[in-house]
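Taking it in order: structure first as structure tokens, then the write-up.
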Protein chains: 2
Amino acid sequence: MVCSAADVLGALGDRWGTLLMRDLLLGLTRYEDLRRSTGATNATLSDRLRELEANGLVERRRYQTRPDRYEYLPTPRGRDLKLLLTAMVQIGDTWNLADREGPPLRFVDTRTGRRVALALVDAETRELVSAGHVAVEAGCGADAVMRWRLERAAALRKAGSDAGPVSADGDATPRAK
Amino acid sequence: MVCSAADVLGALGDRWGTLLMRDLLLGLTRYEDLRRSTGATNATLSDRLRELEANGLVERRRYQTRPDRYEYLPTPRGRDLKLLLTAMVQIGDTWNLADREGPPLRFVDTRTGRRVALALVDAETRELVSAGHVAVEAGCGADAVMRWRLERAAALRKAGSDAGPVSADGDATPRAK
DNA sequence: GAACTTAACTCTGATAATCAGAGTGAAGCA
DNA sequence: TGCTTCACTCTGATTATCAGAGTTAAGTTC
């Protein structure tokens, strides 16, 4: 599938892979720590670590001999996922589904001690851009399917706004059966 | 699990849920479009849509009667995931695993036409913060497990730097067998 | 020196999810 | 009369995940 988001999803594998990258990026490195932290079973854990290694997100490294023991370290590519982690934490914090009194994790600027957040900026000037002014369009790497998605979405938007605000009140009826 | 990232992961469910949110946030709304776009089977697709609805990320709305037909729209909570999508696309673009000549999707500022990117800013002043100056610490919502993760990670970092650069050259040996 | 612990796994057998694809029902179109 | 669209449900085979037991090699405790 021609989509950068799908590429990242594919590299992570699934929930377990993502949870493992969270722990690895927080600084855990050892099998037993990862198992305790995530609660994954041995079969799933060793499979996922292998997969993350095959996808170039972590490196398996011996940290002791007699007996040989190994730890797992994020590669530079794996470290790119810090951005993803930050986004997930930020979204989860605003949702606060578990109704906590505060966030479990805080990202802070080591120089000022103040909290940091993700924001959209102009790619060149680095000036802030408000989310309302951001649009998505096909890039030059887009294939026919991606172009179809965007055109279909644009068509639906047009049909929706043509019909006017009258049709904006759909009812969210419970499913039959 | 007390972790905002895990909350988001739980709400999305899995790869299919995430892929569906991508399409819904791009503007697709109908079952058949989603099926064609994601390639999910009917069983998986209807199950995941139900799950996303149950988790409050999408709303199922009737858009026609005789016969009744329904479409799926992201809720405000679902729209929060745009940040996640943006992060995934940005990471996937820099990886460029498929060796494309350009990105499949572009996020642009509608006023200037220029590309936008995610950046870390001071939560209050909105000034840019470089990734190197960002640290993670326990927030007041952290439980014992989260505190253990951070302490364990700090202990490993300390042990690693105490041993000095000599131990920094681990070997990435292939697995036996 | 016999037993217990730690770490990083592999293996097993039962349960649960996913798959491709066929089928359904209500309507419009030819 | 039959042909298509849309939003699904259902089926039977394959695949993944689960809890938990077992393995290997070493150090630590009684």
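Side chains included, hydrogens not; waters and symmetry mates left out as well; all remaining heavy atoms used.
- Regarding B:Asp33, its CG atom lies at a distance of 13 Å from the P atom of D:dT5, rounded to whole Å.
- D:dC8 atom C1' lies 9 Å from atom CZ of B:Arg50, rounded to whole Å.
- Side-chain atoms of B:Thr44 do not come within 3.5 Å of backbone N or O of B:Ala40 as any donor-acceptor pair.
- Residues B:Leu25 and B:Arg79 approach most closely at CD2-CA, 3.9 Å, considering heavy atoms.
- Every residue meeting the side-chain contact (heavy atoms from CB on, under 4.5 Å) condition with A:Arg126, not counting sequence neighbours, appears here in chain and number order: A:Val121, B:Ala117, B:Ala119, B:Leu128.
- Relative to the side chain of B:Asp14, the nucleotides D:dC8, D:dC6, C:dT18 differ in distance, and C:dT18 lies closest.
- In terms of modelled atom types and a separation under 3.5 Å, the side chain of A:Thr125 and the main chain of A:Asp122 share no donor-acceptor contact.
- Looking only at side-chain heavy atoms (C-beta outward), B:Arg149 and B:Arg152 stay at 4.5 Å or farther from each other.
- Residues from residues 17-25 of chain A placing a heavy atom under 4.0 Å of any atom in DNA chain C do not occur.
- The end-to-end axis angle of the helix from C:dG1-D:dC30 to C:dA30-D:dT1, rounded to 10 degrees and based on five pairs per end, is 10°.
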Output side-chain donor-acceptor pairs under 3.5 Å for residues 131-139 of chain B, partner residues at least two apart or in another chain, one line each.
residue	atom	partner	partner atom	Å
B:His133	ND1	B:Ser130	OG	3.0

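- The residue from B:Val58, B:Leu57, B:Thr38 that alone fulfils the side chain to side chain contact (heavy atoms under 4.5 Å, CB included) condition with B:Leu20 is B:Thr38.
- Cluster membership for B:Met88 and A:Trp95, using ILVMFWY side-chain heavy atoms within less than 4.5 angstrom, is shared.
- Listed candidates were D:dC8, D:dC6, C:dA8. Nearest to the side chain of A:Glu32 is C:dA8.
- No hydrogens or angles considered: nothing links the side chains of A:Tyr63 and A:Asp68 as a donor-acceptor pair under 3.5 Å.
- Regarding contacts with the backbone of D:dT17, a side-chain N or O of A:Arg48 is found under 4.0 angstrom from either OP1 or OP2.
- Separating the CD atom of B:Glu71 from the C1' atom of D:dA7 is a distance of 13 Å, rounded to the nearest angstrom.
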- Does the pair B:Tyr31 and B:Asn42 meet the rule for a side-chain hydrogen bond (donor to acceptor under 3.5 Å, both in side chains), with working shown? CA-CA 9 Å; B:Tyr31 185 95; B:Asn42 283 325; 2.9 Å; yes
- Task: Between protein and nucleotides 19-30 of chain C, map the contacts as a letter string: B base, S sugar-phosphate only, - none, heavy atoms under 4.0 Å, written 5' to 3'.
- Result: SB-B---BS---
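- Side-chain nitrogen and oxygen atoms of A:Tyr31 include none within less than 4.0 Å of the OP1 or OP2 phosphate oxygen of C:dT6.
- At whole-Å resolution of the value, CG in A:Leu45 and C1' in C:dA7 are 12 Å apart.
- For the pair B:Leu19 and B:Leu34, the minimum side-chain heavy-atom distance is 4.5 Å or more.
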Can you give me every donor-acceptor pair (side chain of residues 99-107 of chain B, partner residue at least two apart or in another chain, under 3.5 Å) with its distance?
residue	atom	partner	partner atom	Å
B:Arg100	NH2	A:Asp7	OD2	2.6

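- The distance between atom CG of A:Asp68 and atom P of C:dA8, rounded to the nearest whole Å, is 12 Å.
- Atom-to-atom, CD of B:Gln64 to P of D:dC8 comes out at 12 Å; the value is rounded to the nearest Å.
- Within the structure, every side-chain polar atom (N or O) of A:Ser46 is placed at least 4.0 Å from both OP1 and OP2 of C:dA8.
- Under 4.0 angstrom from either OP1 or OP2 of D:dC6 there lies no side-chain N or O belonging to B:Tyr72.
- Rounded to an integer number of Å, the gap from A:Arg62 CZ to C:dA7 P is 19 Å.
- Within the nucleic acid shown, B:Arg35 has no heavy atom closer than 4.0 Å to any nucleic acid atom.
- B:Arg30 places its CZ atom 12 Å from the P atom of D:dC8, with the value rounded to the nearest Å.
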